[in-house]
Each structure stands twice: as C-alpha cells, then as structure tokens.
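Note that ligands are numbered from 1 as they come in the structure, with each ligand's atoms numbered from 1 the same way.
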Amino acid sequence: MGQKVKKIAVMTSGGDSPGMNAAIRSVVRAAAYYRTECIGIYRGYQGMIEGDFTPMSARSVNNIIHKGGTILKSARSKEFMTKEGRAKAYENLKEEGIEGLVIIGGDGSFTGGVVFNSEYNFPVIGIPGTIDNDIYGTSHTLGYDTALNTAMEAIDKIRDTASSHNRLFFVEVMGRDAGFIALNTGVGAGAEEILIPEEDLGLERMLESLKKSRRSGKSSSIVVVAEGDKSGKNVYQLADYVEENMPEYEVRVSVLGHMQRGGSPTCFDRVLASRLGVRAVELLIDGKSNVMVGLKDNEVVSTDLEKAIKGQNSIDKELLRVSDIMTT
Ligand code: F6P
C-alpha cells in the first residue's frame, strides 16, 4: 500500500456510544500495524481547539475493548462552529504534524468534519458512532446493537412488574429523531404498541388497540415510545390520556434515559468497531478523505460523508407489520 499519510489523529465526538473504545483501539492498533503515528484528541473538536492531544501506542489501548463510554472523552463544541475555532484547531493539528483525522461520532460530528475539510483540505474519515442508528450508509452504527439489548433487558424487567400488578407501562426509549431503538426493542420485548417519529398513526388508533387487547384478555401491556415520537404528547401526557380514557387500567411511566448509552459493548459492536477502525486507517493512509466507513450486507463499505449526513436510513416496514401481527 502506497502510504500518503504518516501521522493521524483519532477522536470521539458528540453523544457517546458503546463500542467507541473498541473503535479507538482498532484505529490505534491499525495505525501501529502500518507504522503510522497516532495521536488521540480528547473531547472531540473542543480538544482539537485547545490542543488537548496525547500520543497513542498499541499498548495505550490495552484492556478497553469491553468498556463503555470513551477513554478520549466526548463533547459537543460550540466554538468549532465558528471560523476562529476551526482556525485554532487547524493550527494545532499542523503544529503537531497531523495529516489526517478519524472522527468517531454522529451526523453533527461529520458535518464539522466536512466543513473543516472544505476550508483546510484536511483529510477526514468518519466512523458512525451513535446508539440512534440514524446514519445513512450503514446498516448499523456503533453502539446501536448494545443499546437495543440494554433497552430490551430493561423492558423485560418492567414486564415482570407490569404483569404482577396488571398495569400498563409506557416506556420511553432514546431516539430524538429516529425510531430504530423503539421499533426493534418494541418487537424484541413484545410491546403492545410502538410509537416512533417516522409513523404517526394517531392517538385514537393506540387507544383502540389497547382496548382491543384488554377485551381479548390481556391484563397488562407495554407501550414503547421513542423520545422523538410525533403524537404531540410526551410520554407522561400519553399515560394521562390513556388513564382518562381507560380508567380500568393503572398506568405507569418509565423513562430509560442515558443508561441506554452506557455499558459494555456487545460482541457485534466490538467486531464492527474493529472492522471499521481498520478500514478507516487504511483509507486515510491511502490518501482518501471525506468518506464514512460503514456496514452493508455484512461488508465494510465507504459512503461519501455528505451523503451519510443528508441521506435517511428508513425504518423497516416489515418490522412494523410483524409488530402489528404480534399484538393479535
Ligand atoms: O446519542 C443520541 C441520543 O441518544 C439521542 O437519542 C438523545 O436525544 C440524545 O442523544 C441526548 O443526548 P445528550 O443528553 O448528550 O444531549
């Protein structure tokens, strides 16, 4: 492989996700394999602006593959959104002799990378890291699989108590703009109804479905609600609405929140992180830029970064249909 880049940097940016450490490890080890220097940047773009750098060797990423969070920390930098902030960041990278950057993050972080590249022609490669799975160009983002399992196990536990008390539970899962976590955990945990931002079927329909399941003999139920659902009511208002219309039900709410972003990554996320990290380094040292590495049909593929930001991962209609049938 003709090596065009001799010193690279890696950082994690935006909301953290399980598997980020495994991806850092992969980038650092792949760089060492190709005899390329690697620098870790703390706190994403903010650390780039402040020159918060650390040299990373193959041994500096020992014992992190199984850890949640990110050893490089993460941040959302307002300063990087300004020209002055990006100029400072560029000066720091130049001074350190860094010639390419691996960004592990979501679409906001990739947008920063695209702007930075257009201003300074600085090579950037993205690795999709977010539990929301809302990035075009990959079937799975890092951390999504772990978050699914975390949320599903939590809902299983809620089911135990819901069933003991004949209660109806509204469980809010993460997904500000996307319903991937809600739809998959809803099916996986056997939810009665699943509310997602991509499909607003209306409150009446939800009520009808809950009444129907009650009539059919179900004494407890789970409704999974994505954080960003478009019903016009938040999860507490939804619970009140159902309690008013179905006084026979005792309703409770559980918001799973940030626990979904933590924890040890699943095997799937660790393997994905390892594969994407290696490809990201290979692309960078081969002189490529402005692409995101991702997974399609279990193959590692590259997608133009701008496409990854603007494109939409659509929800699986088949899963919606299966969910409907399962509520019979
Ligand atoms: O990681 C993505 C996400 O989980 C969204 O679904 C959620 O709305 C957001 O992060 C919350 O992040 P924070 O609390 O860091 O602003």
**OP:** Measure from NZ or CZ of R214 to the centre of the six-membered ring of Y249 and say whether it is under 6.0 Å with the direction within 45° of the ring axis.
**Re:** yes

Original post:
Among all protein non-hydrogen atoms, which one is nearest to atom 2 (C) of ligand 1, and what is the separation to 0.1 Å?
Top reply: D132 OD2, 3.0 Å

Original post:
Do any nitrogen or oxygen atoms of G175 lie less than 3.5 angstrom from nitrogen or oxygen atoms of ligand 1?
Top reply: yes

Original post:
Nearest protein heavy-atom contact for atom 10 (O) of ligand 1: which residue, which atom, what distance?
Top reply: R261 NH1, 2.9 Å

Original post:
Does H258, backbone or side chain, put an N or O under 3.5 Å from an N or O of ligand 1?
Top reply: yes

Subject >> side-chain contact (heavy atoms from CB on, under 4.5 Å) partner of S77, the single match among E50, Q46, R86, M48 >> reply: Q46

Subject >> Audit row: Y144, F268, ring-ring contact (aromatic ring centres under 6.0 Å, His included) steps and yes/no >> reply: CA-CA 10 Å; Y144 171 55; F268 180 90; 8.7 Å; no

**OP:** Output the list of atoms in ligand 1 that are nearer than 4.0 Å to some heavy atom of M174, sorted by atom number.
**Re:** 4 (O), 6 (O)

**OP:** Look at R205 together with E193 and state whether they make a salt bridge at an N to O cut-off of under 4.0 Å.
**Re:** yes

Original post:
Out of curiosity, is R76 lining ligand 1, as in a heavy atom under 4.0 Å away?
Top reply: yes

**OP:** Validate the cation-pi geometry between K296 and Y136: distance from NZ or CZ to the six-membered ring centre under 6.0 Å, angle to the ring axis within 45°.
**Re:** yes

Original post:
Under a 4.0 Å heavy-atom limit, does E227 contact ligand 1 with its side chain, its backbone, both, or neither?
Top reply: side chain

Original post:
Are R176 and D132 close enough for a salt bridge, meaning some N to O gap below 4.0 Å?
Top reply: no

